[in-house]
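Both counts, for ligands and for their atoms, begin at 1 and track the order of listing. All values below were derived from every heavy atom in this structure, side-chain atoms included, with hydrogens, water molecules and symmetry-related copies excluded.
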Amino acid sequence: MKVRKAVIPAAGLGTRFLPATKAMAKEMLPIVDKPTIQFIVEEALKSGIEDILIVTGKAKRPIEDHFDANLELETNLKEKGKADLLKLVEETTDINLHFVRQKHPLGLGHAVLQAKAFVGREPFVVMLGDDLMDDEIPLTKQLMNDYEKTHASTIAVMEVPQEETSKYGIINPGEEVSEGLFNVKNFVEKPKAEEAPSNLAIIGRYLLTPEIFSVLEEQTPGAGGEIQLTDAIDTLNKTQRVFAHEFKGTRYDVGDKFGFMKTSIEYGLKHPEVKQDLTNYIIQLGKELADKNPPIEPLKDEVE
Ligand code: UTP
């Protein structure tokens, strides 16, 4: 069966970004001029996804409004002859989106469970707004290509520094069945570095078979007292094969403050409107900082 549907959970509390996320979902935080959730929606569409469900929480209004028509704004831009801006605004309203509410933020697994009726008996993808992925073929499409061959759930993973395993779901890889595609012995949510079975971390793209829902319905809270999607995938892996797909492109981690700032700068350096000014600014700032703070320490980790 073809993969047609995507679920984008956006109902977390976003505590790492307080106070910005007190009244607004973190998925609405912009990278230069675009909310992160729009990048995710665009990746879904580029991958050939036809139907998208966004799981929202308390701060759902701005997300719904962002993808809704705004007649007042559109009329204003038309009257002022701002065709370029009008095009940008209209691009976000032509997309067919559905919304469902997660009433309490009980965890990512619980957020995905809210998509059960929308998904039905089809395979589907889960896409998190925390990670922006850059590669020639969108990562979601790469997972969909795997599915055509395996007809099995496939989770995107990437190497992370060993000392950071406690921030991620980590896989215990089995044999590599084809290039970059692994069997998985088991999945562990947020293991300590010394207990982690590998440094292959689950990043924010999952292709799942619908059997995940019956597992999620039985899932008890795990790490952090939350209903964890990783735990449910580990259980699913005991009854049907789940693969891990190693992503080789660039991942931008926008879920934490420093990652978010680095991503903003990297995207700014590619943005036609600001790239020249930003480049000049960074060079100038770099010189000033180097004069004030020699010697400059190497960065602890690069943008992964
Ligand atoms: P995170 O754990 O990164 O998001 O969940 P969070 O809980 O909002 O962030 P912090 O750690 O407090 O800063 C990953 C994704 O799962 C969604 C989040 O919106 C995010 O996209 N999520 C998480 C839900 O939709 N519901 C939940 O109950 C938990």
Side-chain angles (χ1 to χ4, degrees), residues 6-31 35-44 52-64 66 97-116 118-119 124-133 139-140 155-158 160 164-170 187-191 201-206 208 212-213 216-217 219-233 251-261 263 304:
V7 175
I8 305 178
L13 291 177
T15 52
R16 282 170 289 170
F17 273 102
L18 281 169
T21 45
K22 189 177 165 205
M24 183 183 71
K26 75 171 166 191
E27 289 76 7
M28 283 302 291
L29 290 170
I31 302 295
T36 55
I37 196 161
Q38 193 179 331
F39 285 101
I40 306 298
V41 166
E42 286 173 0
E43 180 186 326
I52 300 172
L53 175 79
I54 300 180
V55 183
T56 57
K58 282 209 164 43
K60 70 167 186 169
R61 279 291 281 283
I63 300 181
E64 288 193 354
H66 181 70
L97 292 175
H98 309 266
F99 294 89
V100 68
R101 186 90 175 237
Q102 183 191 18
K103 292 204 180 94
H104 303 286
L106 300 179
L108 176 58
H110 183 257
V112 172
L113 185 55
Q114 311 312 306
K116 186 180 172 198
F118 165 81
V119 168
F124 66 108
V125 289
V126 173
M127 307 173 73
L128 304 190
D130 280 10
D131 287 326
L132 301 187
M133 311 293 188
L139 177 53
T140 297
I155 314 303
V157 298
M158 194 169 194
V160 295
E164 289 186 14
T165 56
S166 64
K167 293 203 281 187
Y168 298 91
I170 298 289
F187 296 80
V188 195
E189 182 63 19
K190 300 191 169 65
I202 299 176
I203 51 176
R205 303 290 181 274
Y206 310 72
L208 297 167
I212 194 72
F213 292 114
L216 281 170
E217 277 166 338
Q219 192 65 53
T220 48
E226 297 194 343
I227 297 178
Q228 297 288 356
L229 183 59
T230 307
D231 295 344
I233 293 170
R251 164 176 168 257
Y252 295 94
D253 176 5
V254 293
D256 88 348
K257 277 184 233 172
F258 187 45
F260 180 84
M261 291 168 80
T263 309
E304 295 126 17

Task: Greater than 12 external heavy atoms within 6.0 Å of Arg61's CZ - done: no

Task: Contact check: Leu128 vs ligand 1, nitrogen or oxygen atoms, below 3.5 angstrom - done: no

Open item on the list: Counting non-hydrogen protein atoms only, what is the nearest one to atom 28 (O) of ligand 1? Give residue, atom name and distance.
Closed with: Gly107 N, 2.8 Å

Open item on the list: I'd like to check whether Val55 has a polar contact with ligand 1, where a contact means an N/O of the residue lying under 3.5 Å from an N/O of the ligand.
Closed with: no

TODO: Measure Pro9 to ligand 1 on non-hydrogen atoms and call it side chain, backbone, both or neither using the 4.0 Å cut-off.
DONE: both

- [ ] Say whether His104 and ligand 1 are in contact under the criterion: heavy-atom distance to a ligand atom below 4.0 Å.
- [x] no

- [ ] Using a 4.0 Å heavy-atom threshold (strictly under), name the region of His110 that reaches ligand 1: side chain, backbone, both or neither.
- [x] neither

Open item on the list: For Lys58, is the NZ atom crowded, meaning more than 12 foreign heavy atoms sit under 6.0 Å from it?
Closed with: no

Task: Heteroatom proximity flag, Ala111 to ligand 1, N/O under 3.5 Å - done: no

TODO: Provide the number and element of each atom of ligand 1 under 4.0 Å from a heavy atom of Thr15.
DONE: 10 (P), 12 (O), 13 (O)

Open item on the list: What protein heavy atom lies closest to atom 8 (O) of ligand 1? Include the residue and the distance to one decimal.
Closed with: Gly14 N, 2.7 Å

Open item on the list: Quick test: of every protein heavy atom, which one is nearest to atom 21 (O) of ligand 1, and how far off is it to 0.1 Å?
Closed with: Glu27 OE2, 2.7 Å

Open item on the list: Just to confirm my output: which protein heavy-atom neighbour is closest to atom 11 (O) of ligand 1, and how far is it?
Closed with: Arg16 NE, 3.1 Å

Open item on the list: Quick one: does any side-chain atom of Glu43 pair with a main-chain N or O of Phe39 as donor and acceptor, under 3.5 Å?
Closed with: no

TODO: Check for a donor-acceptor pair, side chain of Thr140 on one end and backbone N or O of Ala44 on the other, with a separation under 3.5 Å.
DONE: no

Task: Check: Gly12 N/O within less than 3.5 Å of ligand 1 N/O - done: yes

Task: Taking atom 7 (O) of ligand 1 as the reference point, the nearest protein heavy atom with its distance - done: Leu13 N, 4.0 Å

Open item on the list: Looking at every heavy atom in both Val254 and Ile31, which two are closest together, and how far apart are they?
Closed with: CG1-CD1, 3.8 Å

Task: Any donor-acceptor N/O pair, Lys257 side chain to Arg16 backbone, under 3.5 Å - done: yes

Open item on the list: Looking at ligand 1, would Gly255 count as a contact under a 4.0 Å heavy-atom criterion?
Closed with: no

Open item on the list: If you take the nearest heavy atom of each of Asp130, Val254, Ile54, which one is closest to atom 14 (C) of ligand 1?
Closed with: Asp130

Open item on the list: When you measure from the side chain of Arg205 to the backbone of Ile155, do you find a donor-acceptor pair of N or O atoms at a distance under 3.5 Å?
Closed with: no

Task: Heteroatom distance test (Glu226, ligand 1): nitrogen or oxygen, under 3.5 angstrom - done: no

- [ ] For atom 4 (O) of ligand 1, find the nearest protein heavy atom and state the residue, atom name and distance (0.1 Å precision).
- [x] Lys26 NZ, 3.1 Å

Open item on the list: Donor-acceptor pair, distance only, cut-off 3.5 Å: does the side chain of Thr230 make one with the backbone of Val188?
Closed with: no

- [ ] Please determine which of Val55, Val7, Ile52 meets the side-chain contact (heavy atoms from CB on, under 4.5 Å) test together with Phe118.
- [x] Val7

Open item on the list: With heavy-atom distances below 4.0 Å as the criterion, list the atoms of ligand 1 near Leu108.
Closed with: 16 (O), 27 (C), 29 (C)

Task: Parallel, tilted or perpendicular, as decided by the 30° and 60° cut-offs, for the rings of Phe17 and Phe260 - done: perpendicular

Task: Nearest-0.5 Å distance, CD of residue Gln219 to NE2 of residue His110 - done: 12.0 Å

Open item on the list: If the cut-off is 4.0 Å to any non-hydrogen atom of Pro105, which atoms of ligand 1 fall inside it?
Closed with: 28 (O)

Task: Contact atoms of ligand 1, heavy-atom distance to Leu106 under 4.0 Å - done: 28 (O)

TODO: Heavy-atom contacts with Gln102 under 4.0 Å: which atoms of ligand 1 show up? List them by number with element.
DONE: 24 (C), 25 (O), 26 (N), 27 (C), 28 (O)

Open item on the list: Is any side-chain heavy atom of Lys26 closer than 4.5 Å to one of Asp130?
Closed with: yes

- [ ] May I ask you to identify the nearest protein heavy atom to atom 25 (O) of ligand 1, giving residue, atom name and distance to one decimal place in Å?
- [x] Ala11 N, 2.9 Å

Open item on the list: For the backbone of Gly204 and the side chain of Asp131, can you confirm whether one donor and one acceptor N or O come within less than 3.5 Å of each other?
Closed with: yes

